[in-house]
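All remarks here apply to the structure that follows.
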2 protein chains.
Amino acid sequence: MVTKKSYHHGDLRRELIKTALQIISEDGLEKVSMRGLGQRVGVSRTAPYRHFSDKNDLLCAIAEEGFKNLANKISNSNKQQDLSPLEKLKNIGISYIEFAIANPVHYRLMFGNEILKNNKTPELVKLAEESFNGTLFAINVCQEEKIIRPLNPYIIANALWSMTHGISTLLNDGQIQAANAFKGLPALTQAVADSGKADINKIFTYVTDILMNGFIEKS
Amino acid sequence: MVTKKSYHHGDLRRELIKTALQIISEDGLEKVSMRGLGQRVGVSRTAPYRHFSDKNDLLCAIAEEGFKNLANKISNSNKQQDLSPLEKLKNIGISYIEFAIANPVHYRLMFGNEILKNNKTPELVKLAEESFNGTLFAINVCQEEKIIRPLNPYIIANALWSMTHGISTLLNDGQIQAANAFKGLPALTQAVADSGKADINKIFTYVTDILMNGFIEKS
DNA sequence: ATCTTAAAATTGACACTGTCAACATTAAGT
DNA sequence: ACTTAATGTTGACAGTGTCAATTTTAAGAT
């Protein structure tokens with residue numbers, strides 16, 4: 001711990017990000033302000049501008065952090081030997097969803113529209129591309145080994161991303177309604193409310209089944 | 001046309017929504033302000049508050065409008081006789097995507113996080129639920145006729161929504177990168193840039209194939 | 001050990017924003 | 001013709017992003 005009262009903070013940049021994350025997850029993204037951030041950290045209102053050119057720049061930094069952490073998580077999950085290409089692809093998918101649930105703020109900034117498309121940091125764009133390319137590559141390997149149908153891998157990747165992204169979003173903010181329509185069916189939301197890792201795995205298994213085998217009945 | 005200069009506007013509420021839509025699609029959502037809206041319409045800065053309790057209320061009104069229009073579109077697409085349950089379900093999916101592309105602003109407010117979850121108008125919540133229930137019902141009919149596997153229809157609905165939502169999002173704001181990784185493959189984005197309705201159908205066919213039959217190679 | 005320089009932090013200012021309260025105008029119903 | 005409720009207006013307050021000019025201080029060169 002550095003004695004607090006030095007004119008120079010030491011690692012203000014880091015603390016700003018940390019505090020922003022805190023505020024966002026406690027009170028929501030719209031409560032974050034550059035000025036308020038400064039004050040809360042015990043520094044003047046424009047001090048944050050020495051570390052981030054913009055509010056947007058701050059948010060980009062958080063998103064970048066997210067992509068790096070996600071990449072690490074994926075790479076860890078695929079570290080062990082003798083994983084089949086398909087298992088590796090599945091690990092990517094489940095890593096996405098687990099990451100989204102464990103880090104909702106990061107996730108939202110990574111894939112939501114709070115950061116305007118045209119305002120993304122070059123670094124952020126790069127990281128997002130790399131992330132996507134990883135999935136694309138894993139799909140391609142599966143195709144080479146005839147595990148996945150020879151469809152346009154680009155579209156498969158988008159379909160896969162759509163699925164994991166959609167499920168993540170739905171899980172994260174319980175946008176899931178209509179449990180009344182079919183009583184007795186377990187809602188995805190509940191599985192998360194109970195917050196067992198097992199439940200997420202269950203959901204993922206279910207969704208993976210649909211994605212791999214389709215939902216059509218083979219007569 | 002009403003002569004402009006009466007103290008009472010006549011249909012300010014309607015014009016505010018119209019103008020907001022315009023501003024959002026021209027300059028982006030973050031450029032919409034209650035004050036600016038009033039001024040642009042030629043009325044005082046707080047006049048909008050006589051028609052919307054909140055900025056949030058305004059955005060909800062737009063989202064509500066969106067859900068109504070989408071419901072109409074779906075119901076039209078399924079008006080003709082002798083559509084199989086599966087065709088009806090497909091029509092729902094393609095309606096979603098077409099709607100998203102034709103009305104990106106509405107769509108974003110309907111399904112994005114600009115309107116905070118807990119701030120949604122009761123009316124808006126109701127419309128969103130009805131929309132989801134429609135899909136759920138269509139799936140259930142398919143299951144009763146053994147067209148769709150007897151999986152939890154709730155999860156199927158979420159999977160289907162995820163897919164259409166993801167594709168819509170990707171199409172809408174070209175978040176699609178990495179065309180370089182696999183050169184020569186057509187990017188989803190381009191299909192939209194060329195803005196042919198046929199292309200969207202093509203993409204939809206592709207994605208539908210994956211969703212119905214899965215992406216696994218049947219050896 | 002001192003001097004210089006660039007980084008880090010500060011205060012002041014401007015033009016916005018959402019929203020409330022108090023007031024003015026007017027259309028509609030008695 | 002009068003009352004009332006709906007609609008629109010102005011003034012005010014607290015908050016925001018961000019720039020410019022200024023101070024403080026740490027770090028590297030002498």
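Regarding B:Leu37, its CG atom lies at a distance of 15 Å from the C1' atom of D:dG8, rounded to whole Å. Rounded to whole Å, the distance from CG on A:Leu29 to P on D:dT16 is 14 Å. Going from atom CD of B:Glu15 over to atom C1' of D:dT7 covers 15 Å, rounded to whole Å. A:Arg40 places its CZ atom 13 Å from the P atom of D:dT16, with the value rounded to the nearest Å. Rounded to a whole Å, the CZ atom of B:Arg13 is 17 Å from the C1' atom of D:dG8. Rounded to whole Å, atom P of C:dC16 lies 16 Å from atom CD of B:Glu30. If you take CE of B:Met34 and C1' of D:dT16, they are 17 Å apart, rounded to a whole angstrom. C:dG18 atom P lies 15 Å from atom CG of B:Leu116, rounded to whole Å.
Sorted by first then second residue, the side-chain hydrogen bond (donor to acceptor under 3.5 Å, both in side chains) pairs that include residues 22-36 of chain A, not counting sequence neighbours, number zero. Residue pairs meeting the salt bridge (charged side-chain N to carboxylate O under 4.0 Å, His left out) criterion with at least one partner in residues 105-116 of chain A, sequence neighbours excluded, are A:Arg108-A:Glu114. Counting only residues at least two apart or on different chains, the ring pair (Phe, Tyr, Trp, His ring centres under 6.0 Å) pairs with a member in residues 52-79 of chain B are B:Phe67-B:Phe111.
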Task: Structure string for DNA chain D in dot-bracket form, Watson-Crick and G-U at under 3.5 Å, | interchain - done: .||||||||||||||||||||||||||||.
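Across C:dT10, C:dA13, D:dT9, the shortest atom-to-atom separation from the side chain of A:Arg35 is found for C:dA13.
Contacts of A:Glu64 classified as salt bridge (Lys or Arg N to Asp or Glu O under 4.0 Å), with partners at least two apart in sequence or in another chain: none. In terms of the salt bridge (Lys or Arg N to Asp or Glu O under 4.0 Å) criterion, residue partners of B:Lys73 (sequence neighbours excluded) are, by chain and number, B:Glu98. Residues satisfying the salt bridge (Lys or Arg N to Asp or Glu O under 4.0 Å) test with A:Arg14, not counting sequence neighbours, are A:Glu65. Residues passing the salt bridge (Lys or Arg N to Asp or Glu O under 4.0 Å) test with A:Glu123 are A:Lys126, sequence neighbours excluded.
Put simply, B:Ser44 has no side-chain N or O that comes within less than 4.0 Å of OP1 or OP2 on D:dT10.
Interface residues of residues 46-65 of chain B facing DNA chain D, ordered by number: B:Thr46, B:Ala47, B:Arg50, B:His51; criterion, heavy-atom separation under 4.0 Å.
The nearest heavy atom of DNA chain D to B:Leu12 and to B:Arg45 marks one nucleotide each, and the one closer to the 5' end goes with B:Leu12.
At a threshold of 4.5 Å between non-hydrogen side-chain atoms, the residues B:Ile74 and B:Tyr96 count as touching. Side-chain atoms of A:Thr169 and B:Asn113, non-hydrogen and from C-beta on, never get closer than 4.5 Å to each other.
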